Asks: 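Have a look at the structure that comes next, please.
The first residue of the sequence shown is numbered 1, and numbering continues consecutively from there. If you're wondering where the values come from, they're calculated on a predicted model, not measured in any experiment. We count ligands from 1, going down the list as the structure has it; atoms in each ligand are counted the same way.
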Amino acid sequence: MAKPLIAGNWKMNGLAADLTEAVALAQALAQQPAKARVALCPPATLIERAARALADSPVLVGAEDCHAQVSGAFTGDISAEMLADAGAVLVVVGHSERRAGHGESDADVAAKALAAARAGLEPIICVGETLAEREAGRALEIVTGQIKGSVPAALAGGAVTVAYEPVWAIGTGLTPTIPQIEEVHGAIRQALVEVLGPAGAEVGILYGGSVKPDNAVEILRATEVGGALVGGASLKAADFLQIIRAV
Ligand code: 13P
């Protein structure tokens with residue numbers, strides 16, 4: 001099984017001055033190494049500076065999204081190759097804020113995941129149901145459908161991570177119960193084995209959505225939870241460090 005991964009997604013937050021938080025995190029992890037892999041995904045404007053600031057540290061730098069093509073007439077977009085060139089080693093794809101706010105389909109997400117692998121980046125492929133879908137009893141169907149549509153079979157055996165982020169838990173302070181998390185992660189595991197074959201049994205499945213210092217121990221201990229994708233609580237080194245120490 002993959003080593004746990006605790007990844008921070010800064011979303012559209014952070015200016016150069018905020019990299020002091022990333023450096024403080026790296027210093028704390030230099031004093032006492034983490035049991036997990038640790039990554040920070042700042043906005044694209046900060047990737048190169050973050051990569052320089054964290055070069056000799058255990059903190060990996062990731063991106064929040066990528067375009068599927070290598071280059072071309074795609075104003076405002078950034079390719080996986082460009083992110084790798086800036087120093088990223090991971091990239092989040094299919095975040096619900098991209099799926100909902102930018103109309104990204106499962107096929108778009110799968111193309112981005114393949115682009116990440118093409119550029120040598122590890123994709124973190126996100127899935128998750130809305131509150132309406134959960135209330136309609138469709139959470140497992142939605143999430144496994146997203147896995148089958150967004151995780152390309154060609155990634156079998158390569159570096160790939162999946163994140164279960166229920167849309168209704170993101171930035172709300174709400175979290176599923178531990179049995180609910182375990183039920184969805186179990187269904188994701190089955191779907192990953194269907195898509196990737198035996199390699200699907202090795203893929204880390206992160207939980208994301210209102211992970212905080214005070215719920216991290218319980219969540220990270222749950223069956224099939226291979227780490228966390230953390231939004232708000234990754235912006236401050238002290239909070240993020242507490243979550244990392246919960247592994
Ligand atoms: P919050 O931790 O702020 O709920 O965000 C979760 C998330 O969307 C991480 O990608």
Asks: I need the contact type for Asn9 against ligand 1. Using non-hydrogen atoms and a strict under-4.0 Å cut-off, is it side chain, backbone, both or neither?
Replies: side chain
Asks: If you measure every N/O of Thr172 against every N/O of ligand 1, is any gap under 3.5 Å?
Replies: no
Asks: Report, one line per pair, each donor and acceptor closer than 3.5 Å where one atom sits in a side chain of residues 54-68; sequence neighbours left out.
Replies:
from: Ser57; atom 1: OG; to: Leu54; atom 2: O; distance (Å): 2.9
from: Ser57; atom 1: OG; to: Val59; atom 2: N; distance (Å): 3.0
from: Glu64; atom 1: OE2; to: Lys11; atom 2: N; distance (Å): 3.0
from: Asp65; atom 1: OD1; to: Lys112; atom 2: NZ; distance (Å): 2.8
from: Asp65; atom 1: OD2; to: Arg98; atom 2: NE; distance (Å): 3.4
from: Asp65; atom 1: OD2; to: Arg98; atom 2: NH2; distance (Å): 3.3
from: Asp65; atom 1: OD2; to: Lys112; atom 2: NZ; distance (Å): 3.3
from: His67; atom 1: ND1; to: Gln69; atom 2: N; distance (Å): 2.9

Asks: Should you measure from each heavy atom of Glu165, which atoms of ligand 1 turn up under 4.0 Å away?
Replies: 6 (C), 7 (C), 8 (O), 9 (C), 10 (O)
Asks: Below 3.5 angstrom, do we get any N/O pair linking Leu229 and ligand 1?
Replies: no
Asks: Test your reading of the structure: does Lys212 have an N or O sitting under 3.5 Å from an N or O of ligand 1?
Replies: no
Asks: With Leu114, which residues qualify under side-chain contact (heavy atoms from CB on, under 4.5 Å), at least two apart?
Replies: Pro152, Ala154, Leu155
Asks: For ligand 1, which is the ligand I care about here, please tell me if Gly209 has any N or O atom under 3.5 Å from one of the ligand's N or O atoms.
Replies: no
Asks: Kindly compute the distance separating NE2 (His102) from CG (Asp108), expressed to the nearest 0.5 Å.
Replies: 12.0 Å
Asks: Mind checking the CG-SG spacing from Leu229 to Cys126? Nearest 0.5 Å is all I need.
Replies: 5.5 Å
Asks: Which ligand 1 atoms does His95 reach within 4.0 Å, using its non-hydrogen atoms?
Replies: 7 (C), 8 (O), 9 (C), 10 (O)
Asks: Determine whether a donor-acceptor pair (N or O, by modelled atom type, separation under 3.5 Å) exists between the side chain of Glu21 and the backbone of Asp18.
Replies: no
Asks: Could an N or O of ligand 1 be found under 3.5 Å from any N or O of Glu97, whether backbone or side chain?
Replies: no
Asks: Write out the residue and atom name of the closest protein heavy atom to atom 3 (O) of ligand 1, then the distance separating them to 0.1 Å.
Replies: Gly232 N, 2.9 Å
Asks: Looking at CD of Glu224 and CD1 of Ile181, how far apart are the two atoms once the value is rounded to the nearest 0.5 Å?
Replies: 13.0 Å
Asks: Looking only at protein heavy atoms, which one is nearest to atom 2 (O) of ligand 1, and what is the separation?
Replies: Gly231 N, 2.9 Å
Asks: Can you check whether Gly209's main-chain N or O pairs, donor with acceptor, with Tyr207's side chain at less than 3.5 Å?
Replies: yes
Asks: Would you please determine whether Ser210 falls within less than 4.0 Å of ligand 1 on a heavy-atom basis?
Replies: yes
Asks: Do Arg52 side-chain atoms and Gly87 backbone N/O form a donor-acceptor pair below 3.5 Å?
Replies: no
Asks: I need the nearest protein heavy-atom contact for atom 5 (O) of ligand 1: residue, atom name and distance, please.
Replies: Lys11 NZ, 3.2 Å
Asks: Within the structure, does Ala233 bring an N/O atom to less than 3.5 angstrom of an N/O atom in ligand 1?
Replies: no
Asks: Is the backbone of Ile147 close enough, under 3.5 Å, to the side chain of Ser150 for a donor and an acceptor to pair up by distance?
Replies: no
